[in-house]
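Structure first, commentary second.
Both backbone and side-chain heavy atoms feed into the values below; hydrogens, waters and symmetry mates do not. Order of the sequence lines sets the chain letters (A, B, ...), proteins ahead of strands, with each chain counted from 1.
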2 protein chains.
Amino acid sequence: MTEDTGKWAPRGGDPENACPIAPVVDIVFSRWTTPILWALHEYGRQRFVALERRIATITPKVLTQRLRQLERDGLVVRTYHPEVPPRVEYEISELGRSLAPLFAALSEWSVHLDEVERARAAYDARP
Amino acid sequence: MTEDTGKWAPRGGDPENACPIAPVVDIVFSRWTTPILWALHEYGRQRFVALERRIATITPKVLTQRLRQLERDGLVVRTYHPEVPPRVEYEISELGRSLAPLFAALSEWSVHLDEVERARAAYDARP
DNA sequence: CGGGATCCTGTGCGATACTG
DNA sequence: CAGTATCGCACAGGATCCCG
């Protein structure tokens, strides 16, 4: 919204109905990107295998795919060291760091997770 | 981070590596939920068909699925009016409204969308 | 070590048809 | 009107093998 309540968001003068935050969601919250960015933020620059071990349930192929996407979007920086054995390091870019307040808002909302749990229990326990 | 910069988030005393905001992402940013919540927030309580027309590209089946999920998670309230023809209305719950600051943070980040665009262009234009 | 190439499977979603 | 039921496919992602 532009000026009324000050809450939620500026409604872009969008064509018809499309929610204006959808593009951001597509970029930042596509599958696996959250744990990857989190790991890079939490533990700093690190190698491919390190990331792979931290996330643990991700396969190398998918990790590569997502890292490529994040690199293309400018959220992650890839550094290739032409050595033997080869070494590749990933780190969060400046743009990626700008997501910090957003992730903070996310983690603040997790205080509501138990409310979600109770809502689910209530929903499941009915005719 | 636990206390150094104060940015981003409190690391829940998680088992090992799992990023603490992943559960929130799963609940709030699963497919279609963003436009649905947006439409409900922006235009208030409304009927199924109204939602269907606003989102336009969603099919009734998927809209039903996602609304059920949002209802189960307590983010949306469904009201059934036993009339002929039947009438069903959906609205954002109190819990759903608590997402407002989060969505605000999202929309604020969209100022960086052009940086993403440029990063992509730069990435695509290389050997 | 850091992937690319290939094959295979689960399932999200669209399309269509039917009901209270 | 507000869904449910059924079929079918495309595609994300797992498993495996291989290479610089």
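The backbone N or O of E71(A) sits nowhere less than 3.5 Å from a side-chain atom of R78(A) that would complete a donor-acceptor pair. The backbone N or O of A22(B) lies less than 3.5 Å from no partner atom in the side chain of T34(A), so there is not a single donor-acceptor pair. Of the possible polar contacts, none joining the R66(B) side chain to the I36(B) backbone as a donor-acceptor pair under 3.5 Å is found.
Of the residues in residues 22-34 of chain B, R31(B) come within less than 4.0 Å of DNA chain C through at least one heavy atom, sorted by number.
Summarising the geometry, the separation between CD on E83(B) and P on dC1(D) is reported as 13 Å, rounded to the nearest angstrom. One atom, CD of E71(A), and another, P of dG2(C), lie 15 Å apart when rounded to the nearest Å. dG3(D) atom C1' lies 14 Å from atom CG of L51(B), rounded to whole Å. Distance H81(A) NE2 to dG2(C) C1': 13 Å, rounded to the nearest Å. Straight-line distance from the CZ atom of R87(A) to the C1' atom of dG3(C): 16 Å, rounded to whole Å. Going from atom CD1 of I36(A) over to atom C1' of dG13(D) covers 13 Å, rounded to whole Å. Taking atom CG on L63(A) and atom P on dC1(C), their separation rounds to 14 Å, with Å as the unit. The CD atom of Q46(A) sits 11 Å away from the P atom of dG2(C) (whole-angstrom rounding).
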side-chain contact (heavy atoms from CB on, under 4.5 Å) between V116(A) and L95(B): does it pass, once the steps are laid out?
CA-CA 8 Å; V116(A) 171; L95(B) 182 58; 4.0 Å; yes
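Close to dG20(D), at under 4.0 Å from its OP1 or OP2, lies no side-chain N or O of Y80(A). Proximity of R66(B) to the phosphate of dG12(C): no side-chain N or O atom is located under 4.0 Å from OP1 or OP2. When the side-chain nitrogen and oxygen atoms of R68(B) are compared with OP1 and OP2 of dT4(D), one or more of them lie within a distance under 4.0 Å. Phosphate contact (OP1/OP2 of dA2(D), side-chain N/O of R47(B), threshold under 4.0 Å): present. Not one side-chain nitrogen or oxygen of Y90(B) sits closer than 4.0 Å to the OP1 or OP2 atom of dC1(D). Side-chain N/O atoms of T59(A) include one lying less than 4.0 angstrom from OP1 or OP2 on dG14(D).
When the nearest nucleotides of DNA chain D are assigned to P86(A) and I58(A) by heavy-atom distance, the more 5′-ward of the two goes with I58(A). If you find the closest nucleotide of DNA chain C to A50(A) and to P60(B), the one lying nearer the 5' end belongs to A50(A).
For the pair R54(B) and Y43(B), the cation-pi test (distance below 6.0 Å, angle within 45°) is passed.
Listed nucleotides: dA2(D), dG14(C), dG2(C). Nearest to the side chain of F48(B): dA2(D).
Using a 4.0 Å cut-off between charged side-chain N and carboxylate O, R45(A) and E89(A) make a salt bridge. Under the 4.0 Å criterion applied to side-chain N and carboxylate O atoms, R120(A) and E117(A) are assigned as salt-bridge partners.
For K61(B) against dG3(D), no side-chain N or O and base N or O form a donor-acceptor pair under 3.5 Å.
Note: L63(A) CG to F48(A) CZ = 4.0 Å, rounded to the nearest 0.5 Å.
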